[in-house]
Structure formats: structure tokens, C-alpha cells
4 protein chains.
Amino acid sequence: MTQPPRPDPDHPAPPRRKRRKEARPAEIVEAAFAVFCEHGYGKARVDDVARRAGIAKGTVYLYYPNKQALFQAVVEAKVTAAISQAAIMADGFEGSSAELLRRMVRNAYDNLVLTDAKLLMRIIIGEGHLFPEIQSLYYEVGIKPGMTMLDKVVERGVSMGEFRDGPAREFPRLIMAPGIMAAIWQMTFSANEPIDMERYFESHLDLVLNGLKA
Amino acid sequence: MTQPPRPDPDHPAPPRRKRRKEARPAEIVEAAFAVFCEHGYGKARVDDVARRAGIAKGTVYLYYPNKQALFQAVVEAKVTAAISQAAIMADGFEGSSAELLRRMVRNAYDNLVLTDAKLLMRIIIGEGHLFPEIQSLYYEVGIKPGMTMLDKVVERGVSMGEFRDGPAREFPRLIMAPGIMAAIWQMTFSANEPIDMERYFESHLDLVLNGLKA
Amino acid sequence: MTQPPRPDPDHPAPPRRKRRKEARPAEIVEAAFAVFCEHGYGKARVDDVARRAGIAKGTVYLYYPNKQALFQAVVEAKVTAAISQAAIMADGFEGSSAELLRRMVRNAYDNLVLTDAKLLMRIIIGEGHLFPEIQSLYYEVGIKPGMTMLDKVVERGVSMGEFRDGPAREFPRLIMAPGIMAAIWQMTFSANEPIDMERYFESHLDLVLNGLKA
Amino acid sequence: MTQPPRPDPDHPAPPRRKRRKEARPAEIVEAAFAVFCEHGYGKARVDDVARRAGIAKGTVYLYYPNKQALFQAVVEAKVTAAISQAAIMADGFEGSSAELLRRMVRNAYDNLVLTDAKLLMRIIIGEGHLFPEIQSLYYEVGIKPGMTMLDKVVERGVSMGEFRDGPAREFPRLIMAPGIMAAIWQMTFSANEPIDMERYFESHLDLVLNGLKA
DNA sequence: GATGAATGAGTCTTCATTCAT
DNA sequence: TATGAATGAAGACTCATTCAT
């Protein structure tokens, strides 16, 4: 996503060999994220990652032992970032559970459905079976924490008498399903049938909240 | 999955060979389906398809000009089959719309979520961007007809006063979202956290029907 | 060592794609032998092997899964050939043990010291530690049988009273040591100090037979 | 083998640094020797040499222009050391030529066969053809002086009537052949068939001395 | 001098596709 | 039609060497 550092016209000569040990991993991960998003894992070329990061191919291998490790770093960085955002929001919320749920789902849209993050999810879905460890990583840092948060909201809603003790109690992820589907749809069929995501979001919430209502 | 039909030396079996000639495309498609399901598109090898079909690699190219065309044939065959099943069921149903919806969702579970068909969907999701035409095909033969059917059921339910004129009216696919998610979960995270699919199915329906209730 | 099959001038068009499933392995092994001899294992390029065999790089991998397997095939072919030669000669020999020994040593010179076979030995010595299995193979098919043959000759000589029951009884390989050294010298220092191999051979035998004399 | 001398923060240790500066080449050579012994020339990585010497990779290139020069330095240092040892011993020896020969061969075992020095020899044999200059160096500093010494001993023995004027007169290196072979065997086939080196040494001497006997 | 980040040429290996038989 | 041997472009990874700091 970041463009290769284009030389500042104020500075005469852009050093071809820059030494940026601290910044490099993040830069590479960012470039890798972009390339993986565009081509998926299998079709992404390490060479492209390097080029996008403005470095030589070999340099990538200075920081990550192989393509898979690079991908793992991307997953780790991106998912962790997205999830921690959500956690902050949920913490210490006061108000109706319905409102909390709305915020939570909104958050998922803002950080996953409407973001390139969904493209990472696509890789996990589509090619994750090739490296179960990364799949598990994604589950542990992304899915499980997310599910746990949902769990708590449902619990809260039920104990406050707002939600019924029904299906979402056993499978809180049901609540998020339409969002996941929207993300997939967006990546897959939006050319055939685009979604008005804002209306979809409202409909999503409407259906789910009505389904949960005590 | 089928072993290559090794000709019995005692039986000249000419009818078999003739029958085979016509059956070839279907056999190849079947083998390809299995291989694509196992490895995804990119990692599937044409050689494996041939071996699985009990023929030589070159023979595959006699029927399909390239790997992509083969994949397209698989999508066409499999999706068409699955969808027509559903259509039959829905046609001329008499009973409550809730019951019709249940059957429909059940059908989706039986033909997609609990079947290898979901593995095809995985490829469309994960690698479909590499060949938009096939993605569109999948949409046209699979998704759109499915959505249309859902549409009708919702329409029916609303006009009969069973369902409210709410979110599912605008986005009928919301109804199916939990099923799609289940399919993906099954392929991706079942090792980390398995789903009791029958209970999930009931919860899915429960949530949705309550969300739809007039 | 074999030149890439140069098209017979009598035949009009040398087919670029030849089908020679039977001949290929041997051709490739021969080409590989030449290339390995010239560059050693590590510096030998599979591409060169292919070129020398008059085929494309990929074709090599049709017959041997990787470079190491190819090398193993070379070792197997070459060593087996050389050793079986020796065995034939030794079998059923009648005459003095000294004469038998001379023939044996002569054979070693003819098949190892004065041949490219010593270049294979060089690889086993110099790079064999990278693949102990092939080292062991060389030992099993080449060294051990050779040692066994020597063993028998010494045994024969001792029991016939020709040789004394001395050092060569315990270490028959002592007999061959000067030959091995000659092979190495030839490959390593002949530019600095060439050996007159025929005189060396005679001296070798002279020293050893005198050392063995009862 | 040696850990990089980590400077004690309490002691400024300037003498150590100064001493180090002069010691650097030797330290690097020592580290290089170890690494070359372990991996051979081609598979040895300059990086490993540096790490082992406790310095940075670039520093190696401050003292040696490239990997080959470094190897040459190793050869020079190690071979010179080994050979000068032998020369001292031989000089001004009084006693039988047989005894002198025994000492000489013993010396070869102690300094070559039973030492890592043989690993250097292995590289010269196995990969020396890649850099003939180093091969020649090895010959000039190691082989030739050694041969000359042998030469003198044989000469002495013959003129004193101890040895016959036979094969070892023309090819004194015949005397050492079993030792060379032992070194190679040790590096190559000891896993398959170990040698009791002390008994081998005695057998070696026995055979050779008997072969020489006037 | 010393460092170690950066470079990029060099190789093995894979596999969709072709085509002589 | 059917075969399967042959092709060769593509891509991951290594490591000697350079050079800015």
C-alpha cells in the first residue's frame, strides 16, 4: 500500500543503499500485505514485494527466512492491529446491549469488511489449508478474540433481559455471519451485483437484533 | 476417487470403451473436481487430474484447451447440478413460508455446507479474482438463481403476512449468511473449534426466522 | 563424455523432440557423469547436464527427482560397471598369487586410476560428506567388494605360502594404497609433477610384492 | 570454536584490542580453517567464518580480498606449520634409516592423518581444481617438501645399505601412500568401516619397510 | 578500521502446455 | 483419438561481495 519511497526532490541523491534496520520489517510487511492482497499467497512473488518495498529481493530474506514466514508476519501484524482496535471500543461500554452490539458490528465493518483486511481473510480461507499454522494463528489472534467479545455482549444482553437466551447464546458468531458474507461478496461478486454497504449494514443489524430480541 | 478402469484381458469390452468416449468429459470433470477440492486451483496439477481420471495428461487437453477451461467446466457442472436440485424442491411448495424457508436452508446445508461443493466455493472466493469470467459464471449459475429463490420465498412470506417487510426484503441473502459462514468455518477453523452442524443449523434458522417474523 | 547426439547427415531432419524413454536415463547419466567429473558435484549445473545430453533442463527431472538422485544414479552406474569388471577377472584364476595380485592391481589402474572413474572418487572424497547415503553406496558397491577381492587374494597367497601372514592380512587395502594415491596425484598435482604411470605401476607392485613376500 | 572475546564493560581493555588488531589475520584464518574443514570450500560461508572469528562479515574482507584468498591464507598457514614440524624432526637425525623412516611416517600420522589437517587435504583433492594456484601452493609448500624429505631418507637408506635401490628410490611417495589412504578413509568411510589407526600405522610401516629392505 | 545492511547474479525445481507417435 | 515424453518459462532461495555509516 505504501508507495516505494520516492526521492524527495529537496534532497539531491537518494541513497540506493539505505540502512533502515528498524523500519525495514514494517516496510516489508506493508509491501507484502499489498502484494498478497492483490495476488493471493501462491501468485504473489517475493520479487514484487521487494520491488514495492523499494529494496532488492535478497533484502526480504534478511528479515524473513521465507515467503511463508513473511506471510505469517503480515497476518500477525494486520490481525493484531485490527483486533486490538475492537477490544478498546468494547471495554467499559455503558449503554444498552443493542447499542453495544451495533458498535461492535460497525467496528467489524470498519476494520474488516470495508478494509483491505478482508483480503487477508480471503487468503486464509482460500489458501490457508497450505499452512495450518498460519490458519491457527489467524484463529487465535483474530477469530477467537472476536468471538469472545461477541460472546460477552450476548451474555450481557441476556443477563440484562434485552436478548433472549436463544441461538446466539450458543453460536454468537451467527451475529457476525452477514458481515463476513458481505466481505466475501464484496471481493467476489461486487462486479456482478454491488452492495450498498451502508444499507446492508443496517439490514444486517436489523435482522440480527430482531432475531435476538427477548 | 475412482480407479482407472483397467480392461479385463479376457473381455474385449468394446462397449465399455465406446461408452467411455462419451463419458470422458464427465469423468475428467469429476476427477478435476476432486483434485481442485483437495489442492485449490493454483496448486492442483493437471497431471493429477489425468491420473485420477485414469487417462494420460495429454488427453485432458483433448477435451479442455487449458487448466482454466477445465476448472470452468467443473464449476459449470457442479453448480448447475446443485442449483437445479434446489429449484425442484421449491417449485410448487404448499405450506407455510417458514417451512419453505427451512427446507430451502436445509437444502443449502445438504448441498453446499455439508458437501464438497463448499470446496469449490472456497476456490471461487480465494482464487476467483484470477479469472473473473469463472467468478461471473459462478455468480450467474449459482449465486443469482439461489438469491432469486430466496427472494421469492421472502416475497411469499411477506405477502402472506408471515414475514415482516424488513431487512431480508432488501437483502434476502442475509438469510443464507450463517450457512455460508458455516461452510467457511468448516473448511478453515474446524480444527481449532469444530461446529456441531446440526445444532448450528437449528440456531441459524431460529435466529433468522425470529428476525423475519412479522 | 559422450558428445550430444549429433544428427546423422544421412537423415534429413533431426527431430527436436525425440522420444527415447529407454535410452534417456543412460544418456542423462552419461552426460551427468561428464559434468560432475568436470566440475564436481556442487559446481555442476543441472542445466549443463541437460545441454550435454541434448535435452531440456526439465527433461532431466522427468527421470531423476533432483540433482542428488542424479548423482546417485551416476555413482551406481559407474561403480557397478567398474567393479563387475574386476570380479570377472578374478574369478577362477589359476596361477601364482603374485600374478593374480598383479592382475588385480593392473585392473584397478585400468578401471580407476587411468580412467575418469577416479573423478567420481574425487567427488566422493571431497563432497561425499554432504550426502552420506551416497558415500555409503559407494562404499557398498565399490569399496567393500574391492576390499573383499583383495582379501581373498591375500588369503590365497598366505595359504599357498607365497605371502607372509603380515600387515596385508589385517589390512588388505594397504596393497591398493599406492594406486589410490596415484589417482589422486593425477587429478591434483600432475600439473606440478606428472607421473609416468606405467613405471609407477611397476614400482607400486614391486614394493608391495616385496613387502608381502613370505 | 572460540567464543568471540566479549569485552568486559568494567575493563576498558585497550591492550586487548591492540593485540587483537595484529592478531586479526591469524584469528580469521583459524576461524576459516574450522569452517572450511566442516563444510568444504564451496559450502563454507564467509558469514560463518566471520561469526566464528567474532567479527563482522565485512571485516573479513578488510584482510582478505575474497573467499579464495582467505582459503589460500589458510592453506599457507596450516601447511607451512605442519611441514616445518617435520623438517625439524628429520634434521640431524642419527640412527638407522628405518628408524628415521618410522619417525617420519609417524610424524605424518600425527600431523596429518590424525589431525584436522587432512580435512584441508580433502578440499585440495576435492575442490582444488577450481583454483589451480592454491593447488600449486599446496604442492609447493606441502607436498614437495614432504617428498624431498622422504627422498633423502630413502637416499640415506640406500647409501647405507639398509634399503634396496628399488621402487621407493624412483617414487618415494609410495612410502607415504598408505598414510594418505588412511586419512581419506577416515574422512570418508570410517562410518562404514572404522580403522584402528595404531594397528594400521604399524602395518603400514611393516609392509613398507619389508618392501624396502635391501 | 569495523560494521552489517543491502545487493543481485546464479541455480534448483515445478508444471502447464505442446506435439511426435 | 490417445499418449506421455519433452519443453522452457517462472519463481523461491542463497550467498559472495559491496559500501554507507
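Letters go in sequence order (proteins before strands), and every chain restarts at 1. Heavy atoms only: backbone and side chains are in, while hydrogens, waters and symmetry mates are out.
Each of C/Ala44 and B/Gly42 was matched to the nucleotide of DNA chain E holding its nearest heavy atom; the match closer to the 5' end belongs to C/Ala44. Looking at which nucleotide of DNA chain E each of C/Asp47 and C/Thr59 is closest to, the 5′-most match is held by C/Asp47.
Which of F/dT7, E/dA2, F/dA2 sits closest to the side chain of D/Leu62 comes down to E/dA2. Side-chain proximity of D/Val46 to the nucleotides E/dA16, F/dA16, E/dT7 is greatest for F/dA16. Comparing atom distances between the A/Arg45 side chain and each of E/dC12, F/dA16, F/dA12 picks out F/dA12 as nearest. Of all nucleotides listed (F/dA2, E/dA2, E/dA6), E/dA6 comes nearest to the side chain of A/Tyr63. Distances were taken from every side-chain heavy atom of A/Ala56 (C-beta onward) to each of E/dT18, E/dG8, E/dG4; the shortest belongs to E/dG8. Set against E/dG4, F/dT3, E/dT17, the side chain of B/Lys57 has E/dT17 as its closest nucleotide.
Between the side chain of D/Lys67 and the backbone N or O of D/Ala44 there is at least one donor-acceptor pair closer than 3.5 Å. B/Glu127 places a side-chain N or O within donor-acceptor distance of the main-chain N or O of B/Gly42, the cut-off being under 3.5 Å. Proximity of a side-chain donor or acceptor of D/Tyr41 to a complementary backbone N or O of D/Gln68 within less than 3.5 Å is detected.
A straight line from CG of B/Asn66 to P of E/dC15 spans 17 Å, rounded to a whole angstrom. Following rounding to the nearest Å, A/Lys67 (NZ) and F/dT14 (C1') show an atom-to-atom distance of 17 Å. One atom, CZ of B/Arg51, and another, P of F/dG4, lie 11 Å apart when rounded to the nearest Å. Regarding A/Lys43, its NZ atom lies at a distance of 11 Å from the C1' atom of E/dC15, rounded to whole Å. Between the OH atom of C/Tyr64 and the P atom of F/dA6 there is a distance of 12 Å, given to the nearest Å. Rounded to whole Å, atom P of F/dA16 lies 14 Å from atom CZ of D/Phe71.
Pairing for F/dT21 is with E/dA2, a Watson-Crick or G-U wobble pair whose two hydrogen-bonding atom distances lie under 3.5 Å. Judged by Watson-Crick or G-U wobble contacts below 3.5 Å, the nucleotide F/dC13 has E/dG10 as its partner.
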Run the numbers on A/Glu30 and A/Lys78 for salt bridge (charged side-chain N to carboxylate O under 4.0 Å, His left out), then give the verdict.
-> CA-CA 9 Å; A/Glu30 212 53 48; A/Lys78 289 294 169 181; 2.8 Å; yes
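For F/dT1, the OP1/OP2 oxygens have no side-chain nitrogen or oxygen of B/Arg24 closer than 4.0 Å.
We find the OH-CD1 distance between C/Tyr138 and C/Ile125 to be 7.0 Å, quoted to the nearest 0.5 Å.
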